[in-house]
Amino acid sequence: MNHDIRDFRQPMVTSIGIMLGFLMNFLAQWAISDDEHPAIQSLADGLVAGTLLIGIGLMIFVLFKLLTNRYDTANAGLYYQSIFKWYMAAIIVSFGGLAAALFV
């Protein structure tokens with residue numbers, strides 16, 4: 001592994017952008033699906049929405065960490081591994097919320 005993360009940055013930024021767009025569209029469609037009642041009507045709806053919002057927050061955090069240029073280039077490999085763990089956590093939380101939305 002070289003001592004810069006720029007080769008790994010673009011695929012992660014692209015995939016986060018796609019997933020963020022998908023999640024935001026899902027939440028927008030959910031919010032406007034029923035005009036007479038609020039979108040969150042039960043505890044299960046609240047848990048799904050909370051999980052999705054946490055996933056979106058984690059993705060934005062990962063995007064910030066990827067786009068910042070303030071990291072020690074001598075430890076770029078460790079920095080990338082740290083970002084990758086947050087990236088995977090964001091994906092797991094987000095898709096866990098989507099799976100919960102399908103089954104609730």
Tell me the closest heavy-atom pair linking [X] and [Y], and the distance in Å.
X	Y	answer
I83	K65	CD1-O, 3.8 Å
L52	L98	CD2-N, 3.8 Å
A90	L58	CB-CB, 3.6 Å

For the pair T51 (side chain) and L47 (backbone), establish whether a donor and an acceptor sit closer than 3.5 Å, ignoring hydrogens and angles.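 Yes, the answer is positive, given that a donor and an acceptor are paired below the 3.5 Å cut-off.
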
Indicate if M19 and L67 have the same hydrophobic cluster label, given that clusters are the connected sets of ILVMFWY residues with side-chain heavy-atom separations under 4.5 angstrom.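 Same hydrophobic cluster.
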
For the hydrophobic clusters of this structure (ILVMFWY residues joined by side-chain heavy atoms under 4.5 Å, transitively), does one cluster hold both I92 and F84?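 Different clusters: I92 never reaches F84 through Ile, Leu, Val, Met, Phe, Trp or Tyr contacts under 4.5 Å.
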
Is the shortest heavy-atom distance from the side chain of [X] to the side chain of [Y] under 4.5 Å?
X	Y	value
I18	T14	yes
Y87	M12	yes
L66	W86	no

Going by the side-chain hydrogen bond (donor to acceptor under 3.5 Å, both in side chains) test, which pairs reach into residues 92-104, not counting sequence neighbours?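 Qualifying pairs: none.
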
Taking atom CE of M24 and atom CD1 of I56, what is their separation to the nearest 0.5 Å?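 So the gap between those two atoms works out to 5.5 Å.
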
Separation of F61 CZ from I16 CD1 (nearest 0.5 Å):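 Going from the CD1 atom of I16 to the CZ atom of F61 covers 11.0 Å.
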
